[in-house]
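It should be emphasised that the depicted structure is a prediction, and the values quoted were computed from it without experimental measurement. Chain letters run A, B, ... following the sequence lines, proteins first and then strands; every chain starts at 1.
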Amino acid sequence: MLIVACIKQVPDTTQVKIDPVTNTLVREGIPFIMNPYDSHALEAALQLKDRFGCRVAALSMGPPNAEATLRKALALGADRAILLSDRCFGGADTLATSNVLAAAIRKISQEQEPVGLVLCGKQTIDGDTAQVGPGIAVRLGYQQLTLVDQIEELDMPAKRLVVRRKLEGRHERVQAPLPALVTVVRELNRPRYPTVPMRLAAVDAPVEIWDNQLLQLDTQAVGLKGSPTWVARIFSPQRAKGEIIGNGCTDPEGAVDLLLDKLRAKDLLPL
Amino acid sequence: MTPTPTLFAPILVAAVALFGWNCWRRLSLTALGQPDNRLDNLRLRAGDTLRYAFAQLRVVRKPYGLVHLTIFWCFLVLMIANSEFLLNGLFPAVSFSRLPDGLFIPLMQMIDVVSLITLAAVTIAMVRRAVAPPYPEARTFEAFFILFLIATLMLASFGINAAKLSHLHGSVAALAGTIMPISSLVVALIPPGQARLVYDLSWWTHAGALLLFLNLLPLSKHFHIVTAIPTIFLRRHEQPVLPQREEFVTGNRFGTADVTGYSWKELLDAFACTECGRCQLACPANATGKPLNPRRVIHDLKLNLLNNGPALKRRQAAPLPLIGNRGDGSIDTETIWSCTTCGACLEVCPVFIEQMPKLIPLRRHLVEMEARFPEELLNLFENMEGRSNPWGIAPTERGKWATLVGERTFEPGTTEYLFFVGCAGSFDARAKQVTLALALLLDKAGVSWGILGKDEKCCGDSLRRLGNEYVFDKLAQENIALFKERGIKKVIVQCPHCLTTLKNDYRQYGIELEVIHHSQLLLHLVQDGRLALPRQATELGRLVYHDSCYLGRHNGIYDEPRQALALATGAAPLEMPRSREEGFCCGAGGGRMWMEEFTGERINLNRAKEALAQGPDTVCTACPYCLTMLDDGMKDLQASTVQVKDIAEVLAEAALR
């Protein structure tokens with residue numbers, strides 16, 4: 001059985017700047033990282049591999065430089081890395097992205113090795129939509145189990161999965177038949193650290209690049225053309241400048257009083 | 001039973017053969033180690049051997065070392081006597097009595113007196129070990145038995161000589177007191193007509209004790225009698241001792257999980273340990289109840305080598321793992337992670353055993369081969385790799401502090417010094433105040449300096465000490481490439497960890513930088529009259545100075561900070577009992593800065609208490625890690641009225657206020 005971990009290469013958001021003129025991300029010199037939620041999805045796949053001996057494929061759609069993130073997945077222990085990269089895939093919103101990823105998973109499962117489980121991060125830190133995972137599940141007809149913080153059981157012969165979902169103020173234990181798609185939250189696990197031999201092996205390991213010639217998707221359903229969502233403007237929220245009140249070094253008590261007065265005035269204190 | 005060559009020869013041959021075989025069994029195990037050229041600098045090595053093996057300069061740093069020095073030199077003298085004893089046992093014709101009187105008499109006098117001195121010294125050693133041992137576990141049967149054997153040897157030799165003297169007649173007998181002043185006193189104790197019996201008994205006792213002693217050597221800590229001198233001769237000279245670089249090529253192993261990863265000299269160390277315990281007494285981890293004890297590390301390495309040696313020689317798997325978890329191997333992981341790499345063990349070892357550097361390959365194995373390390377380190381490693389600083393703050397923030405002193409980019413060709421600010425100085429709120437103080441002082445003195453801003457990356461010190469050589473190597477190469485591209489030759493640092501890494505570790509990458517720590521530079525600037533100190537910073541009150549391990553022990557900078565402080569405050573700083581070479585770590589070295597401390601007392605509290613015992617108003621240090629650790633310590637001890645300041649801040653009080 002193959003477990004597919006969907007990972008996305010995202011700009012390191014702590015380092016992202018927005019060009020005030022063009023309202024687009026300044027990508028120059030910004031390092032890319034594996035979407036943190038996806039690294040938990042990959043870790044979950046690798047832990048299942050450690051326990052059950054199944055194979056793990058890391059799957060990503062993105063520009064050619066996303067290969068670096070897939071290599072990291074290989075260094076961590078993924079058996080295969082597949083990059084869906086084609087000019088016509090560019091500019092995709094969540095709908096078009098789901099189309100391409102679902103098509104690739106279908107192709108893997110039907111033509112290469114049966115997919116039992118797809119794991120995704122609950123969302124990405126650049127788009128924050130949390131739509132792609134469920135989008136893939138719907139297109140593949142898989143059960144979707146979102147916001148999972150614990151994989152309790154995986155019974156491959158019985159094709160059954162039991163997970164715990166982390167919801168607002170409560171947990172939910174859910175059982176579903178395989179194949180299924182799971183989106184994960186950070187509490188699920190602690191991602192592992194790559195060993196040096198694995199890093200070195202990953203340098204030479206193949207990253208399969210799949211373009212649309214291979215997937216044969218309708219170009220109207222992928223990329224910019226297949227994306228009904230248009231981003232009108234990206235901007236940093238304006239934040240009013242703060243002010244320094246009092247002097248915490250010379251008069252800490254006075255500073256606290258000043259702060260309390262300010263908070264009371266804004267009715268921000270319970271008393 | 002009168003000693004005869006026919007009786008003695010087979011015993012002697014058997015004893016020497018057994019001794020030789022046991023020595024060989026042990027020493028041949030060092031061949032399992034990696035190559036390591038320790039035969040360079042022969043003149044220096046010869047000098048070291050004279051200083052540290054024959055003059056025992058390190059042994060005598062402690063008062064009881066004088067007893068050891070005495071026994072050592074007595075041994076050398078008595079080796080002459082014992083050689084005669086053994087040869088005489090084989091060839092009765094060989095005897096000192098055949099020497100001309102002019103040589104014979106002083107020789108016998110010397111041997112006789114030295115025997116008494118030895119007897120006195122081993123008695124003191126026995127009493128000391130019984131009453132005030134260096135560490136409680138030092139009261140071993142083995143230790144007492146060896147001392148007892150030496151005493152027996154002395155008493156037996158008095159017996160032999162007294163019996164001989166009692167046979168003398170006439171005018172020669174009158175000389176007995178001159179030739180052997182001590183043994184002649186024993187003559188009176190021999191019952192009449194029993195001289196032969198006393199001689200025979202003493203002779204065989206002496207022979208037995210000597211050969212037993214010889215054969216106990218390789219089996220005990222007294223093997224150091226054989227190995228200590230070569231170990232000192234073969235010591236590493238580089239200061240500080242650096243870990244080796246690793247080549248990141250498929251198929252290589254990274255770090256080591258068995259003894260074969262060490263060099264042959266490092267394996268020899270295992271047989272050179274005298275178990276004096278000085279390393280464990282100096283070790284901050286050991287002093288605060290951590291499982292690390294440098295003496296035990298060396299001992300456990302020896303046991304592992306002896307246990308696994310035969311299998312490893314046959315190229316079979318080692319039955320006893322070197323790295324263990326809760327006792328299932330020789331050295332536990334918690335022990336491995338407890339080290340602050342402060343180097344106190346290296347500093348005190350009388351025979352220059354390299355204790356601390358033996359832990360780094362084990363950390364490398366855990367990190368690089370198994371990705372197994374305390375969980376706090378995961379964030380550190382990822383932050384270092386992704387954002388090239390320990391906190392994972394955006395690199396673009398690195399140079400922001402400099403907006404307070406104006407744009408200061410290092411301009412190739414025009415700027416004299418690169419100010420390598422370091423991660424703490426760039427990101428840590430408290431350390432940034434130090435950075436600012438230093439920047440203002442440099443400006444006041446008219447120093448031409450600039451920074452790399454967002455292009456500066458962590459020097460990688462913590463990574464290297466923690467065994468993450470892979471990411472260290474990456475950061476080092478990136479920094480060095482940048483240094484080369486910008487033509488950087490002279491570097492100012494305010495962090496001893498940056499200092500040692502840039503100055504020493506980066507040398508392994510073929511770059512020689514002139515790195516100066518701010519405590520040195522500031523002193524030079526004051527001494528040269530470039531930095532005026534118009535007032536004395538007396539408001540800082542009683543000021544005690546804490547030595548950073550990486551500034552002091554690792555780089556030998558002890559005096560400049562003290563002199564600079566004296567100039568700034570008008571008085572020499574107070575000293576803690578453990579200072580300079582014996583300085584006690586703050587607890588943050590070796591990457592411990594980024595780790596939790598769960599076991600025993602916190603090292604920083606131990607040190608903060610020592611500082612407080614001097615009744616200071618200000619504790620001064622010259623390292624951002626020490627600053628954090630001691631500041632935290634003062635807070636935990638409810639002593640926040642005591643200020644913890646960096647040396648730059650003290651000088652700023654005198655120069656800028």
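- For the set B:R253, B:E397, B:E375, the entry with the most heavy-atom pairs within less than 4.5 Å of chain A is B:E375.
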Discussion item. Using the rule given for side chain to side chain contact (heavy atoms under 4.5 Å, CB included), can you reason through A:R192 versus A:M198, listing the C-alpha separation, both sets of side-chain angles and the distance that settles it, and then say yes or no?
Written reply: CA-CA 12 Å; A:R192 65 192 62 191; A:M198 292 287 276; over 6 Å; no

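- Proximity to chain A (any heavy atom under 4.5 Å) is restricted, for B:E370, to the backbone atoms N, CA, C and O.
- Under the 3.5 Å distance criterion, with hydrogens and angles disregarded, no donor-acceptor pair is assigned to the side chains of B:Q244 and B:R364.
- Residue B:N252 does not touch chain A at all, counting heavy-atom pairs closer than 4.5 Å.
- In this structure, the portions of B:F248 lying under 4.5 Å from any heavy atom of chain A include both its backbone and its side chain.
- Chosen from B:M369, B:E469, B:E382, the residue pairing most often with chain A at heavy-atom distances under 4.5 Å is B:M369.
- Ion pairing of A:R164 with A:D149 is present here, as a side-chain N (NZ or NE/NH1/NH2) and a carboxylate O approach within less than 4.0 Å.
- In this structure, B:R486 forms no cation-pi arrangement with B:F410, as its terminal cationic atom is not both closer than 6.0 Å to the ring centre and no more than 45° off the ring axis.
- A salt bridge does not link B:D455 to B:R398: none of the charged side-chain nitrogens sits closer than 4.0 Å to a carboxylate oxygen.
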